[in-house]
**Student:** 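One structure is given below, represented as structure tokens, and several questions about it will come after.
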Number of protein chains: 2
Amino acid sequence: MVTNTKEKAVPCPVTGMIELIGGKWKPIILYCLRTDKRRFGELAVRIPAISRKVLTEQLKELEADGLITREQFNETPPRVEYGLTTLGKSLAPVLSEMEKWGMKHIINKKKK
Amino acid sequence: MVTNTKEKAVPCPVTGMIELIGGKWKPIILYCLRTDKRRFGELAVRIPAISRKVLTEQLKELEADGLITREQFNETPPRVEYGLTTLGKSLAPVLSEMEKWGMKHIINKKKK
DNA sequence: CGTATTAGTTACCATACTGTTACTACTATT
DNA sequence: AATAGTAGTAACAGTATGGTAACTAATACG
């Protein structure tokens, strides 16, 4: 975004943020991981609307962007745990504000 | 999102929020309107990467969702001003957190 | 032996999203 | 008379995103 039309374009911090977590699912996945590490199957249960394929893709992207960690245990059946990196944890205030807003303006309205 | 796997699915506040402002452009548009009302052309200049068609669409959706107002002046050449509604203004803390995060973790990293 | 479990992958398809180009109406300016 | 400016719209095209179903490996259980 250009913040001053008379000067050069300035990279917008909001734009940069959207590029990282802008997907339909990423904020939800991060929100789901905010307190604990979770296994792939756990995430799938907690976010029922997402397909496993898309969940895999989103997790890969989040890992590539350094927001989450992936820990694989070579057991049978296999076990994988996802958790937040320091960078991922630093998103907490953002997610928390989103949660607050959603609680106030969406959840309450639906009850009417 | 299901917040407790043993009970029924609970609507996730983050999910609801994403549905409203989850697009690639909506947070940026709202961020752009956070301080002042702006004309269509102004928005187009400040967000150069968006096409006019998509800008029109996104503005319509935001208006339909009650987040922004549209004021049309029947002059020649025509003038239209967009601004935030009370609901739109209530998003300020969310956008502000996004801005802070972006400043810290994206803008600074690019300078390296 | 047949089935269940976990965390995926692969192939294929449908829809959503985004972009480009050209066009509108009306007036002021050159 | 031609051009510029505003805020779009219409038609069309391409890309991105998301979904389904079938399949994998290794072991445990009945």
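All values reported here derive from a predicted model rather than from experimental measurement.
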**Student:** A:Arg79 has a side chain; which of C:dG8, C:dA7, D:dT9 sits nearest to it?
**Tutor:**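 The answer is C:dA7.
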
**Student:** Check the distance between C:dT6's P and A:Glu71's CD and give it to me in whole angstrom.
**Tutor:**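 After rounding, the gap between these two atoms is 19 Å.
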
**Student:** Report the nucleotide, chosen from C:dT18, C:dA7, D:dG19, that has the shortest atom-to-atom distance to any side-chain atom of A:Pro78.
**Tutor:**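 Within the option list, the nearest is C:dA7.
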
**Student:** For D:dG18, does either OP1 or OP2 sit under 4.0 Å from a side-chain N or O belonging to A:Trp25?
**Tutor:**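 It does, given that an N or O in the side chain of A:Trp25 lies less than 4.0 Å from OP1 or OP2 of D:dG18.
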
**Student:** Taking the basic N atoms (NZ, or NE/NH1/NH2) and the acidic carboxylate oxygens, is any pair closer than 4.0 Å for A:Glu63 and A:Lys60?
**Tutor:**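 Salt bridge: no.
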
**Student:** Name the residue closer to the 5' end of DNA chain D, choosing between B:Gly41 and B:Lys53 according to the nucleotide with the nearest heavy atom.
**Tutor:**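 It is B:Gly41, whose closest nucleotide lies nearer the 5' terminus.
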
**Student:** Taking B:Glu61 first and then B:Lys26, would you say they form a salt bridge - that is, a charged N and a carboxylate O separated by under 4.0 Å?
**Tutor:**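 A salt bridge is present here (some side-chain N lies under 4.0 Å from a carboxylate O).
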
**Student:** Counting side-chain heavy atoms from CB outward, which of C:dA7, D:dA7, D:dT20 is closest to B:Arg52?
**Tutor:**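 The answer is D:dA7, which lies nearest to the side chain.
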
**Student:** Would you mind reading off the distance between A:Ile18 atom CD1 and D:dT17 atom C1', rounded to a whole angstrom?
**Tutor:**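 Taking atom C1' of D:dT17 as the reference, CD1 of A:Ile18 is at 17 Å.
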
**Student:** Using 4.0 Å as the upper bound for N to carboxylate O, is an ion pair formed by A:Glu71 and A:Lys37?
**Tutor:**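 Yes.
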
**Student:** Check whether any side-chain N or O of A:Arg39 sits under 4.0 Å from OP1 or OP2 of C:dT6, and answer yes or no.
**Tutor:**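 Answer is no, no contact under 4.0 Å.
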
**Student:** How many whole angstroms separate atom CD of A:Glu57 from atom P of D:dG19?
**Tutor:**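 My rounded result for the distance is 10 Å.
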
**Student:** Say you draw a straight line from CZ of A:Arg46 to CD1 of A:Ile29; how long is it, rounded to the nearest 0.5 Å?
**Tutor:**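 The CD1 atom of A:Ile29 is 13.5 Å from CZ of A:Arg46, to the nearest 0.5 Å.
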
**Student:** Report the distance from atom CD1 of A:Ile47 to atom C1' of C:dA7, rounded to the nearest whole Å.
**Tutor:**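 In whole Å, C:dA7 C1' and A:Ile47 CD1 are 16 Å from each other.
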
**Student:** Distance alone, cut at 3.5 Å: any donor-acceptor contact between the side chains of B:Tyr82 and B:Arg70?
**Tutor:**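 Judged by distance alone, the side chains do pair up.
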
**Student:** Give the nucleotide from the list C:dG8, C:dT6, C:dT20 with an atom nearest to the side chain of A:Arg70.
**Tutor:**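 Nearest listed nucleotide: C:dG8.
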
**Student:** Tell me: OH of A:Tyr82 to P of C:dT6, nearest whole Å?
**Tutor:**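 It is 15 Å, rounded to the nearest whole Å.
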
**Student:** Does B:Lys24 reach a base, just sugar-phosphate, or nothing at all? Heavy atoms under 4.0 Å.
**Tutor:**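 Sugar-phosphate, backbone atoms only, no base.
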
**Student:** Measuring from the side chain of A:Ser51 (C-beta onward, heavy atoms only), which nucleotide among C:dT18, D:dT20, C:dT5 has the closest atom?
**Tutor:**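 Closest of the options to the side chain of A:Ser51: D:dT20.
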
**Student:** Please report the distance, rounded to the nearest Å, between CD in B:Glu75 and C1' in C:dA25.
**Tutor:**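 To the nearest whole Å, that distance equals 15 Å.
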
**Student:** For the side chain of A:Gln58, counting heavy atoms from C-beta on, which of D:dA7, C:dT18, D:dG18 is nearest?
**Tutor:**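 So the nucleotide nearest the side chain must be D:dG18.
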
**Student:** As a test of reading the structure: which of C:dT20, D:dA7, C:dG8 is closest to the side chain of A:Thr56, going by heavy atoms?
**Tutor:**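 The answer is C:dG8.
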
**Student:** In terms of side-chain heavy atoms of B:Lys60, which of C:dG19, D:dT9, D:dA7 is nearest?
**Tutor:**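 In terms of side-chain proximity for B:Lys60, the closest of C:dG19, D:dT9, D:dA7 is D:dT9.
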
**Student:** Between P on C:dA7 and CG on A:Asn74, what's the gap in Å once rounded to a whole number?
**Tutor:**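 Those two atoms, CG and P, are 13 Å apart.
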
**Student:** Whole angstroms only, please: what is the CD-C1' distance between B:Glu81 and D:dA7?
**Tutor:**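 Spelled out: CD on B:Glu81 to C1' on D:dA7 is 13 Å.
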
